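Fair warning: this is a prediction, and the values are worked out from it, not measured in the lab.
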Amino acid sequence: MARWSPLALVVALLAAVGLYGSTAAFAEEPLKVADAISQQSGASATVRGYVVGQPTATNTVVTSGYPNDYALALADSASQTSTSSMIYVQIPSAFRASWGLRTNPSLLGKQIDVTGTLSAYFSHPGLTSSTAFAFAGTTPPPTSTPPSTCTGYYATACNKTGTALKSALNSIIRTQTKLSYDQVWNALKDTDQDPANPNNVILLYSGRSQSKSTNGGGVNDWNREHVWAKSHGDFGTATGPGTDIHHLRPEDVSVNATRGNLDFDNGGSAVPEASGSFYDGDSFEPRAAVKGDVARMLFYMAVRYEGTDGFANLEMNNFVNNGSAPYMGKLSVLKQWSQLDPPDAFEQRRNQVIFDSYQHNRNPFIDHPEWVSSIWP
């Protein structure tokens, strides 16, 4: 009679009552896309679906001519064309070379598993901060060690954190082409172009699509909003921070005046002509769709301008009512906004256009949102 080891006996007994099985038996099944759409709870999950294109706006998914490698859309059917039945997946920089559609157009129609956070992306049901990608039925790489991104533009920031990372990023992004204040007009007509109407720009706080030709100083014109208020450091419109289009955006003249030089925080009274924006005596709250954009522009300015090129050392702090001091707040709120509103296609395109055609530098917090908490823990 065969002799059983004590371990084998335990396994046999557990199997007999259904408490032991293969690893696969305990693996949680990936969510279907339909289920992921209905469960936008902020929880972590793996979603299985067919790649059906790249989202470029809330209700737009393209299936060719992909503008970048930053996002893809999944559906439960490879032939799905309704965006309401799709989930939009954010592709972090570590995975773009392998899973971005511009680089890998053959992914269209493939069934894949993606692990990430069930939260809105492009103001649409989404999967953000993705940590693993794999073809359906295969084992994804460990989620704790994504592929290295220590190459290319950000190579010298590799493996740095805190003040060392901030210093390294400053050395990278301060190499830029500077624009005059007049040149900013035409640059903004390009960087902030309405994806649905090339004759218009999208205004930052109001969200209105408006003719490019209506720039100026009239009541309903759009002008050049300094997101880092130019009085916070007293740099005015001088070539440098005063003309840096990473933080200059089109905005309605009267809405721009309402914002003035206020710091950023939650709450206040509704802003006329800017639905979803609020203000009070010491702060301004932009509409939800651009809260992260605003935060990342300010983080860029605080890293780019360190007092080494004739301008004030711009810094973040956790206060409002900063007046003319070279500070912007409220840091804790801005960090929350950056997490709640991750970079979308409009913001990513804008960053790329500035890099390719105008200043030839980038906003690192659009490319690497995770660096915010590393520099400002």
Practice task
Answer yes or no: are there more than 12 heavy-atom neighbours, outside Lys32 itself, under 6.0 Å from its atom NZ?
Solution key: no
Practice task
Any chance you could lay out the side-chain contact (heavy atoms from CB on, under 4.5 Å) test for Asn215 and Lys212, step after step, and finish with the verdict?
Solution key: CA-CA 6 Å; Asn215 62 295; Lys212 292 178 178 178; over 6 Å; no
Handout entry: No-hydrogen, no-angle side-chain donor-acceptor test under 3.5 Å, Ser119 and Thr128
Key = yes
Fill in the blank from the handout: Closest non-hydrogen atoms of Ile91 and Gly100, given as atom of the first, atom of the second and distance, are CD1-CA, 4.0 Å
Exercise for the section: Answer yes or no: is there a donor N or O on one side and an acceptor on the other, between the side chain of Ser211 and the main chain of Ser213, under 3.5 Å? Expected result: yes
Handout entry: hydrophobic_cluster_shared for Leu127 and Leu108, side chain cutoff 4.5 Å
Key = yes
Exercise for the section: Go through the side-chain N and O atoms of Ser332 and Asn318 and say whether any donor and acceptor fall under 3.5 Å apart. Expected result: yes
Practice task
Identify the two heavy atoms, one from Ala36 and one from Leu118, that lie closest to each other, and give their separation to 0.1 Å.
Solution key: CB-CD2, 3.8 Å
Practice task
Return yes if a side-chain donor-acceptor contact under 3.5 Å exists between Asp280 and Ser283, otherwise no.
Solution key: yes
Handout entry: Centroid-centroid distance, Phe122 to Tyr88, less than 6.0 Å
Key = yes
Handout entry: Side-chain (Tyr279) to main-chain (Gly260) donor-acceptor, under 3.5 angstrom
Key = no
Exercise for the section: Tell me whether Met301 is reachable from Met297 by hopping between hydrophobic residues (I, L, V, M, F, W, Y) whose side-chain heavy atoms are closer than 4.5 Å. Expected result: yes
Problem - Pair Glu285, Ser277: side-chain N/O donor-acceptor within cut-off below 3.5 Å - result: no
Please output the side-chain donor-acceptor pairs of residues 261-272 that fall under 3.5 Å, not counting sequence neighbours, one pair per line with the distance.
from, atom 1, to, atom 2, distance (Å)
Asn261, ND2, Ser231, OG, 3.1
Asp263, OD1, Asn322, ND2, 2.9
Asp263, OD1, Gly329, N, 2.9
Asp263, OD2, Asn321, N, 3.1
Asp263, OD2, Asn322, N, 3.0
Asn266, OD1, Trp337, NE1, 3.2

Exercise for the section: Hydrophobic side-chain clustering at under 4.5 Å (ILVMFWY, transitive links): who's grouped with Leu179? Put none if nobody. Expected result: Tyr181, Val184, Trp185, Leu188, Val201, Leu203, Trp222, Ile245, Leu248, Val353, Ile354, Tyr358
Practice task
Determine, using the 4.5 Å side-chain heavy-atom cutoff (strictly less than), whether Val52 and Val62 are members of one ILVMFWY cluster.
Solution key: no
Exercise for the section: Say whether, by atom type as modelled, one donor and one acceptor occur between the side chain of Ser373 and the main chain of Glu370 under 3.5 angstrom. Expected result: yes
Exercise for the section: Verify the distance criterion only: is there a donor paired with an acceptor across the side chains of Gln176 and Arg304 at less than 3.5 Å? Expected result: yes
Practice task
Would you indicate whether the side-chain heavy atoms of Pro195 and Thr60 approach each other to under 4.5 Å?
Solution key: no
Problem - Exam field: side chain Ser77 to backbone Ser79, donor-acceptor pair closer than 3.5 Å - result: yes
Exercise for the section: Could you tell me if the ring centre of Phe135 sits under 6.0 Å from that of Trp99? Expected result: yes
Problem - No-hydrogen, no-angle side-chain donor-acceptor test under 3.5 Å, Asp244 and Tyr305 - result: yes
Practice task
Check the hydrophobic clustering (I, L, V, M, F, W, Y; side-chain heavy atoms under 4.5 Å; chains of links allowed) and say if Val294 and Phe278 are grouped together.
Solution key: no
Problem - Closest approach of His124 to Thr83 (non-hydrogen atoms, all atoms of both residues) - result: CE1-O, 2.9 Å
Exercise for the section: To the nearest 0.5 Å, tell me how far Leu165 CG sits from His368 NE2. Expected result: 9.5 Å
Practice task
Would you check if the side chain of Glu251 reaches a backbone N or O of Tyr205 as a donor-acceptor pair within less than 3.5 Å?
Solution key: yes
Problem - Side-chain donor-acceptor pair present, Gln336, Lys291, cut-off under 3.5 Å - result: no
Problem - Asn256 side chain to Val253 backbone, donor-acceptor under 3.5 Å - result: no
Practice task
Report the distance from atom CD of Gln54 to atom CG of Leu107, rounding to the nearest 0.5 Å.
Solution key: 11.5 Å
Handout entry: Donor-acceptor contact present, side-chain Gln80 to main-chain Ser82, <3.5 Å
Key = yes
Problem - Distance-only polar pair, side chains of Tyr300 and Asn361, donor-acceptor under 3.5 Å - result: yes
Problem - Tyr66 six-ring face occupied by Arg102 cation (under 6.0 Å, within 45°) - result: no
Fill in the blank from the handout: Output for pair (Lys166 NZ, Thr161 OG1), nearest 0.5 Å, gives 14.0 Å
Practice task
Please lay out, stage by stage, how Val227 and Arg249 fare under the test side-chain contact (heavy atoms from CB on, under 4.5 Å).
Solution key: CA-CA 7 Å; Val227 178; Arg249 301 293 292 266; 4.1 Å; yes
Exercise for the section: Identify whether the distance between the nearest side-chain nitrogen and carboxylate oxygen of Arg362 and Asp356 falls below 4.0 Å. Expected result: no
Practice task
Compare all side-chain heavy atoms of Arg296 with those of Pro343 and state whether any distance is below 4.5 angstrom.
Solution key: yes
Exercise for the section: Can you see which heavy atom on Ala75 is nearest to which on Ser85, and at what distance? Expected result: CB-O, 3.8 Å
Problem - Aromatic ring pairing Phe365/Phe299, orientation class (parallel under 30°, perpendicular over 60°, tilted between) - result: perpendicular
Exercise for the section: Would you please indicate yes or no on a ring centroid separation below 6.0 angstrom for Tyr154 and Trp371? Expected result: yes
Practice task
Fit a plane to each ring of His247 and Phe235, take the angle between them on a 0 to 90° scale, and name the class: parallel (under 30°), tilted (30 to 60°) or perpendicular (over 60°).
Solution key: perpendicular
Practice task
Please check if atom CZ in Phe346 has more than 12 non-hydrogen atoms from other residues, nucleotides or ligands closer than 6.0 Å.
Solution key: yes
Practice task
Could you tell me whether a side-chain N or O of Lys335 sits under 3.5 Å from a main-chain N or O of Pro377, the two making a donor and an acceptor?
Solution key: yes
Practice task
Verify the neighbour count for atom CZ of Phe311: are there more than 12 heavy atoms of other residues, nucleotides or ligands below 6.0 Å?
Solution key: yes
Practice task
Search all heavy atoms of Ala136 against all heavy atoms of Arg48 and return the closest pair with its distance.
Solution key: CB-NE, 3.6 Å
Problem - Between Asp76 and Tyr50, a side-chain donor and acceptor under 3.5 Å - result: no
Handout entry: Interatomic distance, Ile87 atom CD1 to Ile37 atom CD1 [nearest 0.5 angstrom]
Key = 6.0 Å
Exercise for the section: Over all heavy atoms of both residues, which pair between Pro55 and Ala73 is shortest? Give the atoms and the distance, please. Expected result: CD-N, 3.7 Å
Exercise for the section: Look at Arg350 together with Asp192 and state whether they make a salt bridge at an N to O cut-off of under 4.0 Å. Expected result: yes
Fill in the blank from the handout: Distance col, row Lys178:NZ vs Gln183:CD, nearest 0.5 angstrom, shows 12.5 Å
Practice task
Indicate, with yes or no, if Leu74 and Leu31 share a hydrophobic cluster defined by side-chain heavy-atom contacts under 4.5 Å among Ile, Leu, Val, Met, Phe, Trp and Tyr.
Solution key: yes
Exercise for the section: Indicate whether any N or O donor in one side chain lies under 3.5 Å from an N or O acceptor in the other, for Ser254 and Asp252. Expected result: yes
Exercise for the section: Report yes if some heavy atom in the side chain of Phe133 is under 4.5 Å from a heavy atom in the side chain of Val114; otherwise report no. Expected result: yes
Handout entry: Distance, nearest 0.5 Å, that separates CD of Gln339 from OG of Ser129
Key = 8.5 Å
Problem - Exam field: side chain Asp194 to backbone Ile202, donor-acceptor pair closer than 3.5 Å - result: no
Exercise for the section: Keeping the roles fixed (side chain from His360, backbone from Phe355), state whether a donor-acceptor pair exists under 3.5 Å. Expected result: yes
Handout entry: Arg174/Glu306 ion pair, N-O < 4.0 Å
Key = no
Handout entry: Side chains of Asp69 and Thr103, donor plus acceptor under 3.5 Å
Key = yes
Handout entry: Candidate list Ile173, Leu298, Asn363, test side chain to side chain contact (heavy atoms under 4.5 Å, CB included), partner Val303, passing option
Key = Ile173
